[in-house]
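Worksheet: one structure, shown below.
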Amino acid sequence: MPGRCAACPGSRLMALLGVAGIVMGLLMLWHPGPLLRVLVVLTAAWVTLVGLGLTLVAVPLMPLTRRAWLWPLAAGVVCLVLGVIGLVHPGFGVAALGWLIGLGVMVYGAAHIGLAVGMRHFTGVIGRAGASATPTVIEGEVVPEDSTGSHRDSSSGGPGDGPVIEGRVE
């Protein structure tokens with residue numbers, strides 16, 4: 001068939017995912033509340049399974065490590081609790097999602113304010129440094145090698161080290 005690429009594996013899957021994304025986006029625009037609750041329930045189920053998995057991983061680690069098993073156990077318990085709360089009360093999950101997005105936007109804004117202040121300070125430091133900088137003066141001469149490959153000054157490196165610069169730096 002003209003226009004098809006036999007060497008493009010996954011192009012049908014990409015097109016299918018694209019169509020599914022457009023359909024899901026339209027459904028979210030038409031019915032945001034119910035679909036958001038479905039997404040929260042699916043996410044809560046996933047978090048519950050992750051919590052269960054982390055807890056099950058931590059148990060066999062107890063005799064093998066001193067305290068390393070505490071991290072997956074603590075994370076597993078927190079995930080289990082939050083996942084069950086999200087499954088039992090999806091409205092809480094929707095509210096928590098809104099809080100997290102709101103907090104994320106506030107942190108984003110604060111980061112940009114901090115970046116702006118830092119850049120203003122940084123450019124001021126660069127401007128002051130460039131205005132008050134005094135140039136470094138280097139004086140001296142390049143001493144060529146003689147015909148035997150050694151330098152005129154025997155205190156420098158061995159033969160064949162290249163030219164030697166004699167002088168001073170102020």
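- Expressed to the nearest 0.5 Å, how far CG of L82 lies from OG1 of T43 amounts to 12.5 Å.
- Put simply, CD1 on I85 and OG1 on T48 are 10.0 Å apart, with the number rounded to the nearest 0.5 Å.
- In terms of hydrophobic clustering, with Ile, Leu, Val, Met, Phe, Trp and Tyr side chains grouped at heavy-atom distances under 4.5 Å, W30 and L36 are assigned to different clusters.
- Residues L87 and A44 come closest through the heavy atom pair N-CB, 3.7 Å.
- Annotation for V47 and C79: closest pair CG1-O, 3.3 Å, computed over non-hydrogen atoms.
- V107 and L100 fall into different hydrophobic clusters, where Ile, Leu, Val, Met, Phe, Trp and Tyr residues are linked whenever their side-chain heavy atoms come under 4.5 Å apart, directly or through other members.
- The distance from the CG atom of L52 to the CG atom of L80 is 6.0 Å, given to the nearest 0.5 Å.
- Placement of L29 and M24 in two distinct hydrophobic clusters is found when ILVMFWY residues are connected by side-chain heavy-atom separations under 4.5 Å, directly or transitively.
- In this structure, L42 CG and L35 CG are separated by 10.5 Å, a value rounded to the nearest 0.5 Å.
- The structure places CH2 of W71 at 12.5 Å from OG1 of T65, a figure rounded to the nearest 0.5 Å.
- The distance from the CG atom of L61 to the CG atom of L73 is 10.0 Å, given to the nearest 0.5 Å.
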